[in-house]
Every structure is written in structure tokens, then in C-alpha cells.
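Residues: numbered from 1 along the sequence shown.
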Amino acid sequence: MNTYRIGQIVPSSNTTMETEIPAMLMARQSLFPGQRFTFHSSRMRMKKVVKEELAAMDAESDRCAVELSDARVDVLGYACLVAIMAMGVGYHRESEKRLTTHTKNNGGDAPVITSAGALVDALHVMKAKRIALVAPYMKPLTEMVVNYIAEEGFEVVDHIALEIADNLDVGRHDFNKLPDIVAQLDYSDVDVIVLSACVQMPSLGAIAKVEALTGKPVVTAAVATTYAMLKALELDTVVPGAGALLSGAY
């Protein structure tokens, strides 16, 4: 039996990343009964999803990485996509490198994955060129996310900003509404639909339905982060019911 310790650097008001990532990794146990996962979090203060709070929160990520490396976790996920993207184009590379250095210097060397970097990498893995996305953020932050992704080489054909400012309300958003929201997107000529460009907005339960309704591969920030974690752990990137990226095709 192999046990892997999963560390998560989490906004203090986040509830979904500690729900969806464990759900995906636990779902693998029916396929890989010899693999077990435990989950460990450290929190950064953030209540409102606005640029000022995001920047202040990101400054706390260094402390969180050190705390989690005290527990000798095997991989760390930075569970806030927009906090990274709000810091400027390409910042996920700087953040991942800096935080991984902290774990190494603390004697608990483990890779740090940002959900922002994981989503960008996932789109490359899926060979996407044109995408459509749904984000819960206010319009200015959503435009920042769209620009960040575009600068990484993708054309964002269409997007919807749900304009939910309070992070707790983002976590309470009903994933059953997502298929109807996606129906408002122009996705006819896209390669991939990003169902949730946010690890706080629940989406796991809607992925299969949206793939069936649209005929398009669907990915979310949480799914991309799970894929990146499994890659870092050198495990099979397969999770039942979590969409194309975790189907085993990649």
C-alpha cells in the first residue's frame, strides 16, 4: 500500500478545493486499490475576490508552503487560480519556483503546483487552440484571466463572468446551473471548454453532463490541478467521471 500526502495552500474562505480534489483522488481507489491519499491544508486570509485582497493573500503563500513541508507532504497545490493570474502574466512560473524552493530549504522537498499553471499546462496537453470559459469573478478580474490565458498562446473565443464577489458565495454556486450557463457560450468552434476557471466554484458534478451536451472536451481548474498532481507523483492520470483530461487519453 502506497500512501501519498497531498498538501493544499488554500484561501481562508475556500471550501471547494478541499472537497473536489479529495473526491477525485478517492474515486481512483476503485481502479488503483494499492494507492491511498491523505489531505493537508494551510490557509491564507481572503474573503472578497478583489485584486487588493488577492495580492495580500498571495504574500502568505510562502508561509503556507513552509508549514505544509513541515508535514513532509509529497506534492502541494496552490488552490487559487485568480490570485496567481492577478499578479501578472506568467506569474505561475515564478510562484511555483519560489514556493518549491521553500519546501526544499525546509528539508521537505516537494513540487508546488499552482492551479493557474496547471490549467495552462492542461490546455497544452489537450492540444487546445481555441477555448471558451466560465468564471465566477467580477468582469475586470475575468478579463485579467482571459488575457493571462491568451498570453499563454490560446484564443479565448467566448467567456462568461458570473460576477460573484464574495468567495463564500462562489463556493455555494450550484453546479447544476452550469450546463445552462455553458449553453449561452459560443462553443461551436472551440477545442476545449473550461467549465470553471476557478477552484472555488463547484463544477465536478457537471463535467460529464456538459461534455455530453456539447460534444466538447471539458476541463476545470480543479481537474487540471489533480492531473498535474498525479503527474508530479508519477501516477496514472485517470479519474472516473472527471472528464476528458483524466480519462486516460492524456
Is it true that atom NZ of K209 has more than 12 heavy atoms of other residues, nucleotides or ligands lying nearer than 6.0 Å? no

side-chain contact (heavy atoms from CB on, under 4.5 Å) partner of S115, chosen from V82, I21, V199: V199

Using modelled atom types only, decide if a donor and an acceptor are shared between the side chain of T226 and the backbone of A222 within a distance under 3.5 Å. yes

Would V219 and I131 show up in the same hydrophobic cluster when neighbours are defined by side-chain heavy atoms closer than 4.5 Å? yes

CD (Q35) and CG (L233) are apart, to the nearest 0.5 Å, by 9.0 Å

Carefully, step by step, assess T220 and L204 under the rule side-chain contact (heavy atoms from CB on, under 4.5 Å). CA-CA 8 Å; T220 72; L204 182 59; over 6 Å; no

Quick one: does any side-chain atom of E211 pair with a main-chain N or O of V218 as donor and acceptor, under 3.5 Å? yes

Measure the shortest side-chain to side-chain distance between Y4 and L235 over non-hydrogen atoms and say whether it is less than 4.5 angstrom. yes

Does V66 belong to the same Ile/Leu/Val/Met/Phe/Trp/Tyr cluster as L68, with side-chain heavy atoms less than 4.5 Å apart forming each link? no

Any side-chain heavy atom of M144 sitting closer than 4.5 Å to one from M138? no

Closest heavy-atom contact between A110 and T103? O-OG1, 2.9 Å

Within the distance-only criterion (no hydrogens, no angle test), does the side chain of N14 pair as donor or acceptor with the backbone N or O of M17 below 3.5 angstrom? yes

Least distance between heavy atoms, A244 atom then S247 atom: O-OG, 2.7 Å

Heavy-atom check, side chain of E143 versus side chain of H159, under 4.5 Å: yes

Are V238 and M229 connected in a single hydrophobic cluster, I mean Ile/Leu/Val/Met/Phe/Trp/Tyr linked by side-chain heavy atoms less than 4.5 Å apart? no

Do the side chains of P22 and F37 get nearer than 4.5 Å, heavy atoms only? no

Residues, nucleotides or ligands: over 12 heavy atoms within 6.0 Å of R45 CZ: no

Using the side-chain contact (heavy atoms from CB on, under 4.5 Å) rule, take T114 and R93 through it: C-alpha gap first, then chi angles, then the decisive distance, then the call. CA-CA 9 Å; T114 64; R93 296 178 183 87; over 6 Å; no

Taking S95 for the side chain and H92 for the main chain, is one N or O donor matched with an acceptor at less than 3.5 Å? no

Got F154 and E152 here, is their nearest side-chain heavy-atom distance under 4.5 Å? yes

Say whether, by atom type as modelled, one donor and one acceptor occur between the side chain of Y148 and the main chain of Y91 under 3.5 angstrom. yes

Note, I149 side chain near L123 side chain (heavy atom, < 4.5 Å): yes

K216 and V192: CA distance, side-chain angles, deciding distance, side-chain contact (heavy atoms from CB on, under 4.5 Å) verdict: CA-CA 6 Å; K216 300 288 184 180; V192 172; over 6 Å; no

Considering only NZ, NE, NH1 and NH2 on the basic side and carboxylate oxygens on the acidic side, decide whether K127 and D191 come within less than 4.0 Å. no

Hey, quick one: are L213 and V223 part of the same hydrophobic cluster, counting side-chain heavy atoms closer than 4.5 Å, chains of contacts allowed? no

Validation row: L81, Y137 side chains within 4.5 angstrom (heavy atoms): yes

Donor-acceptor under 3.5 Å (T100 side chain, K97 main chain): no

Test your reading of the model: is there a side-chain donor-acceptor pair from D174 to the backbone of N176, 3.5 Å cut-off? yes

Expected output: side-chain R130 to main-chain D189 donor-acceptor under 3.5 Å: yes

Check whether E18 reaches the backbone of S41 with its side chain - one donor and one acceptor, N or O, closer than 3.5 Å. no

Flag yes if L195 and V190 sit in one hydrophobic cluster, no otherwise; membership is Ile, Leu, Val, Met, Phe, Trp, Tyr, and two members link when side-chain heavy atoms are under 4.5 Å apart. yes

Minimum heavy-atom distance Y78-S61, with the two atoms named: CE1-CB, 3.4 Å

Among R72, Q8, R5, which residue meets the side-chain contact (heavy atoms from CB on, under 4.5 Å) test with H40? R5

Do I6 and V73 come close enough that some side-chain heavy atom pair is under 4.5 Å? no

May I have the step-by-step check of side-chain contact (heavy atoms from CB on, under 4.5 Å) for V134 and M201, ending in yes or no? CA-CA 10 Å; V134 180; M201 185 170 75; 3.9 Å; yes

Nearest heavy-atom pair of N167 and P11: which atoms, and what distance? ND2-CB, 4.4 Å

Shortest non-hydrogen contact between A161 and T142, atoms and distance: CB-OG1, 3.3 Å

Regarding D180 and K177, does a basic nitrogen lie under 4.0 Å from an acidic carboxylate oxygen? no

E67/R63 salt bridge by N-O under 4.0 Å criterion: yes

Could you report the tightest heavy-atom contact between L245 and A122, atom names first, then the distance? CD2-CB, 3.7 Å

Donor-acceptor pair, distance only, cut-off 3.5 Å: does the side chain of Q200 make one with the backbone of C80? no

Rounded distance (nearest 0.5 Å) linking atom SG of C198 with atom CG of L133: 11.5 Å

